[in-house]
Protein chains: 2
Amino acid sequence: MITDDARQPERLRHAASWLINQASAHSHRLVADGFAAAGARGYHYRLLAALEEYGPASQADLGRRAAIDRSDVVAALNEMAEGEFVERAPDPADRRRNIITLTPAGRRHLHELDRVLAGVQDELLAPLSAPERARLTELLTRITDHHARSRP
Amino acid sequence: MITDDARQPERLRHAASWLINQASAHSHRLVADGFAAAGARGYHYRLLAALEEYGPASQADLGRRAAIDRSDVVAALNEMAEGEFVERAPDPADRRRNIITLTPAGRRHLHELDRVLAGVQDELLAPLSAPERARLTELLTRITDHHARSRP
DNA sequence: GCCATTCATTGGTCATGCCAACGAGTACAC
DNA sequence: GTGTACTCGTTGGCATGACCAATGAATGGC
């Protein structure tokens, strides 16, 4: 993000899509930096979180829960299997599937990333009070829910 | 975005950074599709908007106003110069610089993109009332301003 | 006159979100 | 049962956005 001193065009400053993108870019930079320091990236966190909350699952299920394309799940799991954060085992009941399991190391890794994310969150939302944060969360939830429902 | 029926992990559903990213992804998809149909992409719109609001400028200035890296400004201007939306002329007063000017075709193109963006905006914010949209804009503005100021 | 800085440009990198196609496997209809 | 439609993992590709480093030309401050 290169903002410097110059003011942005007015039409951009008031466009919600621009603001959301700007906020997302800030957020993304903070998260990516924090995760990179821990040797991870966004996809890893999402997959680990889905694994801890729902237990072992197939790659396709993981992708659906973490909102990641099947093909990208493969790559992320390869990376995480190298660090022994997850285990891939064939599903005896359905030989198309792999069952992915979180290892203890993976759980520790996830909790580390949880801490990173909490710190980033605080930094990102620094200018907002607690009620304002809640309001923002609520508005954004309405938007994402609306668009998630309206998509196959 | 692959959301389908599956619920996302709770820690994601309540994290502001996740929500912002989700909203940004929706917004980005809508905007990119709309712009692509008009033969443009985000960088083009930002540069055209900066040009119309502030008049002819050097590429470096454009980059600062549109928050785009200098090197990416080059590529985007190349693409737009092909469509004759902008003109590159050397600055006689400073021979390092190019002066970029919006052509009439560029202005028409910009206004077309304005209409596209307005439509997308409406779709994106569909679930929110007018006061809610204003509130969201205000909160996001506070966040982006905060982080823009805190960066060199 | 020198030195730091700015400018446009080239040429990379990375993450994210997609899509298409493949072979293997499964499920359902008939 | 057989065939058709679907699912799964995987490979490989693409576009966008946001960066970074380095280079040569030009400028400006000192």
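First the proteins, then the strands, lettered A, B, ... as listed; each starts at 1. The structure displayed is predicted, hence computed values, not measured ones.
Following rounding to the nearest Å, Asn78(A) (CG) and dG12(D) (C1') show an atom-to-atom distance of 14 Å. dA25(D) atom C1' lies 11 Å from atom CG of Asp94(B), rounded to whole Å. Nucleotide dC8(D) holds its C1' atom 13 Å from the CG atom of Leu77(A), rounded to whole Å. Taking atom NE2 on His44(B) and atom P on dA15(D), their separation rounds to 13 Å, with Å as the unit. Across the protein-nucleic acid pair, His28(A) atom NE2 and dA15(C) atom C1' stand 5 Å apart, rounded to whole Å. Atom pair Arg29(A):CZ and dC14(C):C1' shows a separation of 15 Å (rounding to whole Å applied). Whole-Å rounding puts the Glu79(A) CD to dC14(C) C1' distance at 11 Å. Summarising the geometry, the separation between CG on Asp33(B) and P on dG17(D) is reported as 12 Å, rounded to the nearest angstrom.
Using a 4.0 Å cut-off between charged nitrogen and carboxylate oxygen, Arg97(A) and Asp94(A) count as a salt-bridge pair. Comment: Arg65(B) does not engage Glu53(B) in a salt bridge, judged by the lack of any side-chain N to carboxylate O separation of less than 4.0 angstrom.
Taking 4.0 angstrom as the limit, Asn98(B) places a side-chain polar atom (N or O) nearer than this to OP1 or OP2 of dT9(C). Phosphate proximity of dG17(D) to Arg41(B): present, with a side-chain N or O under 4.0 Å from OP1 or OP2. Applying the 4.0 Å criterion to OP1 and OP2 of dA18(D), one finds that Arg46(B) has a side-chain N or O inside that range. Taking 4.0 angstrom as the limit, Arg64(A) places a side-chain polar atom (N or O) nearer than this to OP1 or OP2 of dC8(D). Of the side-chain N and O atoms in Arg70(A), none sit less than 4.0 angstrom from OP1 or OP2 of dG9(D).
Put simply, the side chain of Ser71(A) and the base of dG12(D) share a donor and an acceptor less than 3.5 Å apart. Side-chain N/O atoms of Ser58(A) and base N/O atoms of dG9(D) include no donor-acceptor pair closer than 3.5 Å.
With DNA chain C read from its 5' end, the first of the two nearest nucleotides for Tyr43(A) and Arg96(A) is the one closest to Tyr43(A). Along DNA chain C, the nucleotide closest to Ala32(A) and the one closest to Ala75(B) are compared, and the more 5′ of them pairs with Ala75(B).
With sequence neighbours excluded, no residue satisfies side chain to side chain donor-acceptor pair (under 3.5 Å) with Arg95(A).
Checked by atom type, the side-chain pair His111(B)/Glu52(B) shows a donor-acceptor distance below 3.5 Å.
Sorted by first and then second residue, the ring pair (Phe, Tyr, Trp, His ring centres under 6.0 Å) pairs with a member in residues 66-110 of chain B read Phe85(B)-His109(B); sequence neighbours excluded.
Minimum atom distance to the side chain of Asp69(B) is reached by dC20(D), of the listed dC20(D), dG9(D), dT27(D).
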